[in-house]
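Written out below as C-alpha cells is the structure these notes cover.
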Amino acid sequence: MIQAEKNMKRRSSNLPISMGWILKIAFGVAGFALWGWSFVAVVVGLHVAGGVVKALLSCLVSLVVLCLILWLAVVIVF
C-alpha cells in the first residue's frame with residue numbers, strides 16, 4: 001500500500017496564482033487596451049446575465065420536475 005501511494009504523482013504548484021487566472025487577467029488587460037470601457041461593460045453584462053440565466057434555468061427545471069411528479073401522482077391514483 002505504501003509503495004502504491006509512493007508511486008502516485010501529485011500535481012501541485014507553489015505558485016500563488018493559477019495559470020487560468022493569469023490568462024483571464026491577460027485577456028482582460030488586452031481587451032481593455034483594445035476596446036476600452038465598452039469591453040469591461042460587455043464582460044460585466046455577460047457575467048450578470050449568466051447569473052440571471054442560471055437562476056432562471058434552475059427555477060424552470062424545478063418547476064418541470066414538480067409538474068412531472070404531480071402528473072405522475074394523478075396518473076397513478078386515477
Side-chain angles (χ1 to χ4, degrees):
M1 185 68 177
I2 295 174
Q3 185 66 22
E5 290 176 3
K6 195 175 185 181
N7 288 336
M8 288 182 3
K9 292 182 180 178
R10 291 188 178 178
R11 290 188 175 191
S12 64
S13 174
N14 294 329
L15 296 175
I17 190 169
S18 68
M19 289 302 293
W21 275 100
I22 292 173
L23 288 174
K24 286 180 185 178
I25 292 169
F27 285 135
V29 169
F32 181 73
L34 289 173
W35 296 293
W37 284 106
S38 60
F39 174 79
V40 176
V42 168
V43 169
V44 170
L46 288 174
H47 183 72
V48 170
V52 171
V53 168
K54 189 183 292 186
L56 285 175
L57 283 176
S58 173
C59 181
L60 288 175
V61 167
S62 299
L63 187 63
V64 167
V65 169
L66 182 63
C67 289
L68 183 65
I69 289 171
L70 289 174
W71 179 75
L72 284 172
V74 168
V75 168
I76 290 173
V77 170
F78 298 111

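Predicted, not measured: the structure shown is a model, and the values here were computed from it.
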Are [Y] and [X] connected into the same hydrophobic cluster when the rule is that any two of I, L, V, M, F, W, Y join if their side-chain heavy atoms are below 4.5 Å apart?
X     : Y     : result
Ile25 : Ile22 : yes
Val75 : Val77 : no
Leu46 : Leu56 : no
Leu23 : Val43 : no

Would you say the side-chain atoms of Ser62 pair up with the backbone N or O of Ser58, donor to acceptor, closer than 3.5 Å?
->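 Yes; judged by distance alone, with no hydrogens or angles, the pair exists.
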
Quick one: ring pair (Phe, Tyr, Trp, His ring centres under 6.0 Å) partners of Trp37, sequence neighbours excluded?
->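 Partners of Trp37 under the ring pair (Phe, Tyr, Trp, His ring centres under 6.0 Å) test: Phe32.
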
Sole candidate of Leu68, Ile69, Leu63 that passes side chain to side chain contact (heavy atoms under 4.5 Å, CB included) when paired with Val65 =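 Of the listed options, the one satisfying the test is Ile69.
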
Partners of Val44 by side-chain contact (heavy atoms from CB on, under 4.5 Å), sequence neighbours excluded?
-> Val40, Val48

